[in-house]
Each structure stands twice: as structure tokens, then as C-alpha cells.
Amino acid sequence: MSTNRLKGKVAIVTGSGQGIGQAIARVFAAEGAKVVIATRTPAHGEATLKLIRDAGHEATFITTDVGDVKQATAVVDQAVRRFGRLDIMVHNAASFLGGPVESYSEDDLETVLAVNLKACFRLSKASIPQMRKQGGGRLLFTSSVTGPRVAMPGTSCYAASKAGVNGFIRTAAIELARDGITVNGVEPGYIKTPAMDLLADADGQKQMAKYVPLGCLGDPNDVAFAMLYLASDEARYVTGQT
């Protein structure tokens, strides 16, 4: 892999303690980026940090809940203080709290919107001044097919938040284009992660895989390499896309 496509870059990856986020952090580090692992669970963050450092790459770990406005802003400030710059901000952390429309709680709704959607605004707002000063940057978001493309019972809060993410991407891309800041996202479908293991057992996942054209669930690296392209100089003329 190691082609140094992100050499000299500094990247924040939220929700990088496991699953898709961990894969993005490891791929970015292997491609030369200095990675800020931003996740809520210390044990998961430390595990990702160890994997990256054991592979001979550079990273640091910050415990954070990006659903909180002060903590989301602090992640960006700490990254800039630690590495002196910020080139790539990947918001991957997500909440999947759900249930039927008539039974959701206000607390669950607020959590999903705060982590999945509001954090897009907060992390971007904190990142833009530094990126503008440097002459450009990348704002990247893990969206989903659920909401923008398909519907699934019991996921209305999650689906609405991810549809909102796509709307944010398109609009922010227009606003920031002249600053050299591109805004893009990836919409995963079913990916084999620890979260997927909570959603369905092995037999259930086999049944789900039957509806995937390739006949199998995706691997976290499949999302990570798409993010790598969007983060690289090769995607300098791509913005407002998922």
C-alpha cells in the first residue's frame, strides 16, 4: 500500500476506535498522514493508536464526544497545537439509536442529530479557518445509503440525520470551493464491523449479503480506500459528492 499519497498531511478521524473509522485512520497513516484518532471510548482509541504505531506510523489519540459542541471544537484546536496544521477532517463517528417513529425519545433524537449531523457543522466550522489559512483542505464525511438512498423500518432518526449530512456536503462544497477546501462523503451500505455484529448474527448477515450485488458484506477498508482517494491530491477537482 504505502505510496505516501498523504505524506506531510495531518488528518483528524472521528469515531476511529474501531470499524470503518479505525480502517480510515490506519490507511491514512500508512499513506503518510499524521493521524489524530478522535473517539469516545479510551480503550478503543488506544487500540487504534497501538496498531498505527506498531506499523511504524505517527498518530495521537484524543478522547472526545463529538456530540458535544465544546469537545468537537477542542479536537480541532488540539490537533493544530499538536501538529501545527490540519489538512483533512474526517467525521465518521455516528449514533445508530433507533426505533419506530412514535416511540423515539427526545434524548435519543438529540443524540443522533448531535453526533451524526450537528457535528458536521461544528467540526467544519472549527477546521475552516486553519484550512483557509493554509490554502485549502479536505472535509470528509461518512454518510450512509440509509436515508439518502434507501429506507429501513426503525431507522427514521438515523436516516434523517444522514440525509442531512448529504445536504450539508453539497451546500458547504459550494461555499468553500474558492478557498480550495473540498467537501465530500462516502455512503456505505452493509459493512462488516462490530456494529454489524450487534445488528445481526452470522446467519442474519448471510441473509443480508444475498441482497448485495457482489454477494457479500463490505470490508471497512473498502470505505477507507474511497476516503483515501477523496483525501488525496488526485481528488482536488472533486467536491460536493458522495
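Of the possible donor and acceptor atoms, one in the side chain of Thr48 sits under 3.5 Å from a partner among the backbone N and O of Gly17. No donor-acceptor distance shorter than 3.5 angstrom exists from the side chain of Ser124 to the backbone of Phe121, with no hydrogens or angles considered. Judged by distance alone, the side chain of Asp65 and the main-chain N or O of Arg40 form no donor-acceptor pair under 3.5 Å. Judged by distance alone, with hydrogens and angles left aside, the side-chain atoms of Glu31 form no donor-acceptor pair with the main-chain N or O of Leu228 at under 3.5 Å. Between the side chain of Ser103 and the backbone N or O of Pro100 there is at least one donor-acceptor pair closer than 3.5 Å. Remark: the backbone N or O of Ala224 is not paired with any side-chain donor or acceptor of Asn221 at under 3.5 angstrom. Looking at Asp87, its side chain does come within 3.5 Å of a backbone N or O of Val10 through a donor-acceptor pair.
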> So Val66 and His91, side-chain contact (heavy atoms from CB on, under 4.5 Å) or not? Walk me through it.
Replying inline: CA-CA 9 Å; Val66 295; His91 177 40; 3.8 Å; yes
- Given the rule in the side-chain contact (heavy atoms from CB on, under 4.5 Å) test, do Gln78 and Thr60 qualify, once you have shown the distances and angles that lead to the verdict? CA-CA 10 Å; Gln78 290 177 61; Thr60 191; over 6 Å; no
* Asked: Yes or no on side-chain contact (heavy atoms from CB on, under 4.5 Å) for Gln130 and Val76, after CA distance, side-chain angles and deciding distance?
  -> CA-CA 9 Å; Gln130 180 65 32; Val76 175; 5.7 Å; no
Q: Step by step, work out the side-chain contact (heavy atoms from CB on, under 4.5 Å) result for Asn116 and Ser95.
A: CA-CA 6 Å; Asn116 297 3; Ser95 172; 4.0 Å; yes
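Looking at every heavy atom in both residues, Arg122 comes nearest to Gly67 through NH1-O, 3.1 Å. Closest approach of Tyr229 to Ala235, counting heavy atoms only: O-CB, 3.1 Å. For Gly185 against Leu230, the heavy-atom pair with the smallest separation is O-CD1, 3.7 Å. In terms of heavy atoms, Val186 sits closest to Ala226 at CG2-CB, 4.0 Å. Contact between Ser16 and Ala25 at its shortest, heavy atoms only, is CB-CB, 4.1 Å. Annotation for Ile52 and Ala59: closest pair CG2-CB, 3.7 Å, computed over non-hydrogen atoms.
With contacts defined as side-chain heavy-atom distances shorter than 4.5 Å, the pair Ser144/Tyr158 qualifies. Looking at Thr14 and Val90, their side chains never come closer than 4.5 Å, going by heavy atoms from C-beta outward. Residues Val112 and Phe96 form no side-chain contact, since every pair of their non-hydrogen atoms from C-beta on lies 4.5 Å or further apart. Taking 4.5 Å as the limit, every side-chain heavy atom of Lys7 sits out of range of all side-chain heavy atoms of Lys34. At least one side-chain heavy atom of Phe83 sits under 4.5 Å from a side-chain heavy atom of Glu58. Residues Ile191 and Met196 have side chains not in contact (no heavy-atom distance under 4.5 Å, counting atoms from C-beta outward). Here the side chains of Lys192 and Asp197 are in contact, with some heavy-atom distance below 4.5 Å. Side-chain contact between Arg26 and Leu51 is present, with at least one heavy-atom pair separated by less than 4.5 Å.
Applying the side-chain contact (heavy atoms from CB on, under 4.5 Å) criterion to Ser143, with sequence neighbours excluded, gives Pro148, Lys162, Val165, Asn166, Glu187. Residues satisfying the side chain to side chain donor-acceptor pair (under 3.5 Å) test with Glu234, not counting sequence neighbours, are Arg5.
Under the 4.5 Å side-chain heavy-atom criterion for grouping Ile, Leu, Val, Met, Phe, Trp and Tyr, Leu6 is connected to Ile37 within one hydrophobic cluster. Val212 and Val145 sit in two unconnected hydrophobic clusters of ILVMFWY residues. Membership requires side-chain heavy atoms under 4.5 Å apart, directly or through other members. Note on Ile181 and Ile88: separate hydrophobic clusters, where clusters join Ile, Leu, Val, Met, Phe, Trp and Tyr whose side-chain heavy atoms are under 4.5 Å apart, directly or indirectly. Connection of Met131 to Val36 is established within a shared hydrophobic cluster, with ILVMFWY side chains joined at heavy-atom distances below 4.5 Å, either directly or through further cluster members. Val35 is connected to Ile20 through a chain of hydrophobic side-chain contacts under 4.5 Å among Ile, Leu, Val, Met, Phe, Trp and Tyr, so both are in one cluster.
Taking the ring centroids of Phe168 and Phe141, they lie under the 6.0 Å cut-off.
We find the OH-CG distance between Tyr190 and Leu217 to be 9.0 Å, quoted to the nearest 0.5 Å. Interatomic distance, Ser161 OG to Leu117 CG, rounded to the nearest 0.5 Å: 6.5 Å. Atoms OG1 and CG, from Thr242 and Asn184 in turn, are 8.5 Å apart once rounded to the nearest 0.5 Å. If you take CZ on Arg138 and CG on Asp233, they are separated by 6.0 Å, rounding to the nearest 0.5 Å. To the nearest 0.5 Å, atoms NZ (Lys210) and CD (Gln205) are separated by 14.0 Å. Here the CG-CD1 distance, from Leu123 to Ile12, works out to 7.0 Å after rounding to the nearest 0.5 Å.
Sorted by first and then second residue, the salt bridge (charged side-chain N to carboxylate O under 4.0 Å, His left out) pairs involving residues 94-115 (not counting sequence neighbours) are Glu110-Lys118.
Thr193 and Gln18 share no side-chain donor-acceptor pair at under 3.5 Å.
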